[in-house]
Colleague: 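Below is one structure. I have some questions about it.
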Number of protein chains: 2
Amino acid sequence: MTVADGRSFIEEGAPAHDFFVVTGGRVKLFTLLPDGRRQITGFAEGGDFLGLAASTSYAFGAEALGGATLCRFPHAGMQRLTERFPSLEHRLREEASRELALMQARMTLLGRKTARERVATFLMERCSHLERTDPSQPIELDLPMPRTDIADYLGLTIETVSRILSAFKKEKLISIRSITHITLLMPERISTIAEGME
Amino acid sequence: MTVADGRSFIEEGAPAHDFFVVTGGRVKLFTLLPDGRRQITGFAEGGDFLGLAASTSYAFGAEALGGATLCRFPHAGMQRLTERFPSLEHRLREEASRELALMQARMTLLGRKTARERVATFLMERCSHLERTDPSQPIELDLPMPRTDIADYLGLTIETVSRILSAFKKEKLISIRSITHITLLMPERISTIAEGME
DNA sequence: TACCAGACTTGATTCAGGTCAAGGTGATGG
DNA sequence: CCATCACCTTGACCTGAATCAAGTCTGGTA
């Protein structure tokens with residue numbers, strides 16, 4: 001199943017018939033308020049599960065971010081699978097647990113961190129998607145999502161995100177090679193900011 | 001297992017050996033930043049599971065709220081149980097899914113709602129713990145947690161929570177019989193505010 | 001090479017909610 | 001019956017981030 005850039009494939013509140021696994025590209029998950037305010041609850045990429053947070057109807061909408069490929073599993077089929085392979089059920093629970101722990105961290109971010117701390121946390125999160133690197137060396141990052149999405153993920157406005165990235169640049173903590181391509185010059189400092197210790 | 005009021009029984013970051021089920025009383029779950037800022041990620045009461053968001057170490061701390069009784073299940077024992085009763089594993093996953101959906105709503109609250117909307121949402125959440133009632137009739141609520149906890153749950157300060165409850169009172173949306181005992185005079189109006197539609 | 005549209009940045013100003021600082025309240029114990 | 005203490009409310013003021021309003025950059029098109 002292929003989804004074009006910006007195309008929505010899960011409607012918030014719609015009856016939930018399927019699980020999805022992201023096989024390629026990227027996806028954003030979000031919830032909306034009636035007046036259009038949006039909270040992006042997560043980004044998913046290759047290997048991530050989608051739809052664990054769905055009982056009878058989806059608790060979130062989902063949209064491709066620059067084109068994505070997915071594997072769709074109807075709930076009924078999943079049920080048959082879990083009956084034959086009980087370890088799958090265990091795997092799904094593990095996945096849900098991992099996700100829960102991530103969400104708790106994100107709640108702390110949204111409820112208690114300053115804008116600076118949020119952006120720093122976001123940058124460090126992006127790092128953790130990379131293969132391990134020496135934390136004292138510069139790290140090159142790709143930010144495939146537009147500023148609007150970063151803002152809606154961090155509970156900020158795009159102006160604030162932009163301003164803080166500019167401030168980090170001025171402080172020589174990062175360099176901005178292009179809109180999507182950022183280098184962390186002092187990953188450890190950024191990590192310190194992210195944890196609220198400065 | 002009995003825990004006295006205010007007593008902490010899960011240390012954030014400690015190695016996770018056990019699951020818990022709340023059998024009586026109430027419990028608050030939270031994460032801390034190094035400087036003491038606190039985000040309460042949830043309240044749990046009779047029947048709720050604790051520790052789903054734990055892989056090798058706990059992602060949160062937990063503390064009794066006015067005395068609580070718990071049932072402790074070592075992970076090893078759980079594993080034996082799930083092997084004998086595969087449906088338990090399914091049950092746990094369902095529980096985790098339910099929790100995930102709740103957390104997404106809470107992320108929207110923390111990232112995108114105003115203080116008024118947050119407090120209104122909190123009041124409506126408390127309602128949903130009650131047995132069904134006519135939404136056009138006044139609803140009596142008990143708020144067993146201190147204002148500090150409400151504030152840390154909503155990502156606000158206690159002053160703001162207090163001010164907004166006072167404002168709701170002045171607007172005749174609620175009446176405050178005592179610190180812990182509140183009556184929603186116009187549940188539907190409060191629900192409207194909670195959803196950000198006013 | 002110049003034009004255009006959409007996305008991003010930057011600046012000026014405003015405001016919701018935080019901070020600081022008094023009071024009030026009500027449960028407990030002497 | 002009063003003192004005490006912990007918690008809550010209220011008021012005055014401040015500030016971090018939002019809002020409003022121009023610019024600026026980039027990549028695609030002709």
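In what follows, chains are A, B, ... by sequence order, proteins preceding strands, each numbered from 1. Keep in mind that this is a model prediction, so the values were computed, not measured. Quick note: numbers below take in every heavy atom, side chains included, and nothing from hydrogens, waters or symmetry partners.
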Colleague: Report, as yes or no, whether the 6.0 Å neighbourhood of atom CD on B:Glu171 holds more than 12 heavy atoms from other residues, nucleotides or ligands.
Modeller: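 Buried by this count: over 12 neighbours within 6.0 Å.
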Colleague: Once rounded to the nearest 0.5 Å, what's the spacing between atom CZ of A:Arg189 and atom CZ of A:Phe168?
Modeller: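 Interatomic distance, A:Arg189 CZ to A:Phe168 CZ, rounded to 0.5 Å: 9.0 Å.
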Colleague: Would you mind classifying the nucleic acid contact of B:Thr114 as base, sugar-phosphate or nothing, using non-hydrogen atoms under 4.0 angstrom?
Modeller: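 Answer is sugar-phosphate: B:Thr114 comes under 4.0 Å of backbone atoms only.
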Colleague: Can you tell if the side chain of A:Leu33 reaches within under 4.5 Å of the side chain of B:Thr108, non-hydrogen atoms only?
Modeller: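 Yes, close enough: below the 4.5 Å cut-off.
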Colleague: Which value, rounded to the nearest 0.5 Å, describes the distance between B:Ile182 atom CD1 and B:Arg177 atom CZ?
Modeller: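 That separation rounds to 11.0 Å.
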Colleague: Can you work out whether A:Ser178 or A:Gly155 has the more 5'-proximal nearest nucleotide on DNA chain D?
Modeller: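 The residue closer to the strand's 5' end, by nearest nucleotide, is A:Gly155.
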Colleague: Can you confirm whether A:Arg106 sits close enough to A:Thr121 that some side-chain heavy atom of one is under 4.5 Å from a side-chain heavy atom of the other?
Modeller: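 No, every pair of side-chain atoms sits at 4.5 Å or beyond.
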Colleague: Please tell me whether B:Leu130 and B:Ile176 are part of a single hydrophobic cluster in this structure, the criterion being side-chain heavy atoms less than 4.5 Å apart.
Modeller: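 In one cluster: yes.
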Colleague: Quick check: are there more than 12 heavy atoms from other residues, nucleotides or ligands sitting under 6.0 Å from CD of A:Glu94?
Modeller: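 Enclosed: over 12 neighbouring heavy atoms sit under 6.0 Å from CD of A:Glu94.
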Colleague: Please list residues of residues 157-172 of chain A whose heavy atoms come under 4.0 Å from any atom in DNA chain D, ordered by number; otherwise none.
Modeller: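 Going residue by residue through residues 157-172 of chain A, the ones with a heavy atom under 4.0 Å of DNA chain D turn out to be A:Thr157, A:Glu159, A:Thr160, A:Arg163.
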Colleague: Below 4.0 angstrom, which residues in residues 117-127 of chain A have at least one non-hydrogen atom near DNA chain D?
Modeller: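 Heavy-atom cutoff 4.0 Å gives no residues at all.
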Colleague: Working to the nearest 0.5 angstrom, can you tell me the gap between A:Leu29 CG and A:Glu63 CD?
Modeller: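 One finds 10.5 Å between CG of A:Leu29 and CD of A:Glu63.
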Colleague: Hey, which of B:Leu154, B:Ile174, B:Ile190 is the one that makes side chain to side chain contact (heavy atoms under 4.5 Å, CB included) with B:Val119?
Modeller: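 Exactly one pass, corresponding to B:Leu154.
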Colleague: Could you check A:Met145 against A:Arg112 and say which one's nearest nucleotide on DNA chain C is further toward the 5' end?
Modeller: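 Residue closer to the 5' terminus by nearest nucleotide: A:Met145.
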Colleague: A:Thr23 and A:Thr69: side-chain donor and acceptor closer than 3.5 Å?
Modeller: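 Side chains of A:Thr23 and A:Thr69: pair found under 3.5 Å.
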Colleague: Take the C1' atoms of the five end pairs on each side of the helix from C:dT1-D:dA30 to C:dG30-D:dC1, get both axes, and report the angle to 10 degrees.
Modeller: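 End-to-end axis angle: 30°.
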Colleague: Just to verify, which of B:Glu83, B:Glu89, B:Gln79 counts as forming a side chain to side chain donor-acceptor pair (under 3.5 Å) with A:His90?
Modeller: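 By the side chain to side chain donor-acceptor pair (under 3.5 Å) criterion, A:His90 pairs with just one of B:Glu83, B:Glu89, B:Gln79: B:Glu89.
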Colleague: Report, one line per pair, each donor and acceptor closer than 3.5 Å where one atom sits in a side chain of residues 155-164 of chain A; sequence neighbours left out.
Modeller:
from: A:Thr157; atom 1: OG1; to: A:Thr160; atom 2: N; distance (Å): 3.3
from: A:Thr157; atom 1: OG1; to: A:Thr160; atom 2: OG1; distance (Å): 3.1

Colleague: Just checking, any donor-acceptor pair under 3.5 angstrom between side chains of B:Tyr58 and A:Gln104?
Modeller: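 No.
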Colleague: Check the angle between the aromatic planes of B:Phe43 and B:Tyr153 and answer parallel, tilted or perpendicular using the 30° and 60° thresholds.
Modeller: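 Geometry flag for B:Tyr153 against B:Phe43: tilted rings.
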Colleague: Would you confirm whether A:Arg38, through its side chain, and A:Asp152, through its main-chain N or O, come within 3.5 Å as a donor-acceptor pair?
Modeller: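 Not confirmed, A:Arg38 side chain does not pair with A:Asp152 backbone.
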Colleague: With heavy atoms of chain A within less than 4.0 Å as the criterion, where does contact along DNA chain C begin and end?
Modeller: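 Footprint of chain A along DNA chain C, 5' to 3': C:dC8 to C:dA12.
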Colleague: Tell me, please, the opening and closing nucleotides of DNA chain D, 5' to 3', among those with an atom under 4.0 angstrom from a non-hydrogen atom of chain A.
Modeller: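 From 5' to 3', the first and last contacting nucleotides are D:dA17 to D:dC20.
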